[in-house]
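Numbering starts at 1 and runs along the sequence shown. Whatever order the structure lists ligands and atoms in, that order sets their numbers, starting from 1.
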Amino acid sequence: MGKKLIVYYSYTNNTKKIAEKIQMATGADICEIETVKPYTGDYNSVVEQGKQEVDRGFKPAIKPLNVNLGDYDTIIIGTPVWWYTYAPSVATFLSKYDLSGKTIIPFATNGGWIGHTLKDIQNSCKDAIVTNAIDIRFDMDKMVTPEANLNGWINCL
Ligand SMILES: Cc1cc2nc3c(=O)[nH]c(=O)nc-3n(C[C@H](O)[C@H](O)[C@H](O)COP(=O)(O)O)c2cc1C
């Protein structure tokens, strides 16, 4: 499938843990999306700020990626679910970078309400092949999706 890159955003590290597990298993390159302005305050205030950002379609500035996307055929994109869709920082990534012609494999960590996240990624990557998406459920920082399901998915990457 050519060269693979894992690109992810993570606020409370669930998505980061999965991204690192994929990296260990596949040897793919890995790159974190970071906002220029960090989210601050307690968890509930970030949940509220996230709602306002998702509702407005806000795209926060993100730091430049330290990779050249042109080097990769397959991009594994990881996002937490924020208000039934991908995180605003991932919205910035998807709008800023040209993913046309690439194979996109999404994974979305969430607390049980994935909403339209995977469909939204599909719609935002119109000129790419979006395939093999996975919904990974957590209860706070504990993974609820069976480990075997995740491992089975990783083995197919
Ligand atoms: C702003 C915000 C909005 C969230 N909205 C949802 C949601 O709509 N559905 C859901 O199942 N979980 C939601 N969650 C929970 C996260 O998706 C879940 O904890 C995820 O695994 C966090 O990933 P992270 O640790 O990589 O940031 C939300 C969390 C935050 C901070």
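- Judged by distance alone, the side chains of N14 and D141 never bring a donor and an acceptor atom under 3.5 Å apart.
- Using bins of under 30°, 30° to 60° and over 60° for the plane-to-plane angle, the ring pair Y11/Y43 lands in the parallel bin.
- In terms of modelled atom types and a separation under 3.5 Å, the side chain of T92 and the main chain of P60 share a donor-acceptor contact.
- Remark: ligand 1 and T15 share an N or O pair separated by less than 3.5 Å (distance only, no angle test).
- Those atoms of ligand 1 with a heavy atom of V46 less than 4.0 angstrom away are 1 (C).
- Put simply, the side chain of Q49 reaches to within 4.5 Å of the side chain of Y39, judged on heavy atoms.
- Counting protein heavy atoms only, atom 9 (N) of ligand 1 is closest to W113 O, 2.7 Å.
- Residue G111 has at least one heavy-atom neighbour below 4.0 Å for each of these atoms of ligand 1: 10 (C), 11 (O), 12 (N).
- Ligand 1 has no N or O atom lying under 3.5 Å from any N or O atom of K16, backbone or side chain.
- Looking from atom 31 (C) of ligand 1 to the surrounding protein, the closest heavy atom is W82 NE1, 3.7 Å.
- The closest approach between a heavy atom of G115 and any atom of ligand 1 is not below 4.0 Å.
- Taking 4.5 Å as the limit, every side-chain heavy atom of D127 sits out of range of all side-chain heavy atoms of L99.
- Atom 19 (O) of ligand 1 has as its closest protein heavy atom N14 ND2, 3.8 Å.
- A donor-acceptor pair under 3.5 Å links the side-chain atoms of T117 to the main chain of Y84, judged by distance alone.
- Set against the non-hydrogen atoms of N13, the atoms of ligand 1 under 4.0 Å away are 24 (P), 25 (O), 26 (O).
- The distance from the CG atom of N132 to the OG1 atom of T103 is 10.5 Å, given to the nearest 0.5 Å.
- Atoms of ligand 1 found under 4.0 Å from any heavy atom of Y11, numbered from 1 in the order shown, are 24 (P), 26 (O), 27 (O).
- Every atom of ligand 1 is numbered from 1 in the order shown, and the set under 4.0 Å from a heavy atom of V47 is 1 (C), 30 (C), 31 (C).
- With a heavy-atom cut-off of 4.0 Å, T12 touches ligand 1 through backbone and side chain alike.
- Looking at Y84, Y43, Y8, W83, it is W83 that brings a heavy atom closest to atom 5 (N) of ligand 1.
- Between T85 and V54 the shortest side-chain heavy-atom distance falls below 4.5 Å.
- The option from I18, T109, V81, V54 that lies nearest to atom 20 (C) of ligand 1, judged by heavy atoms, is T109.
- Under the 3.5 Å distance criterion, the side-chain polar atoms of K4 are left unmatched by any main-chain donor or acceptor of D73.
- Judged purely by atom type and a 3.5 angstrom limit, N13 has no side-chain atom pairing as donor or acceptor with the backbone of K16.
- Of the N or O atoms in G112, one or more lie within a sub-3.5 Å distance of an N or O in ligand 1.
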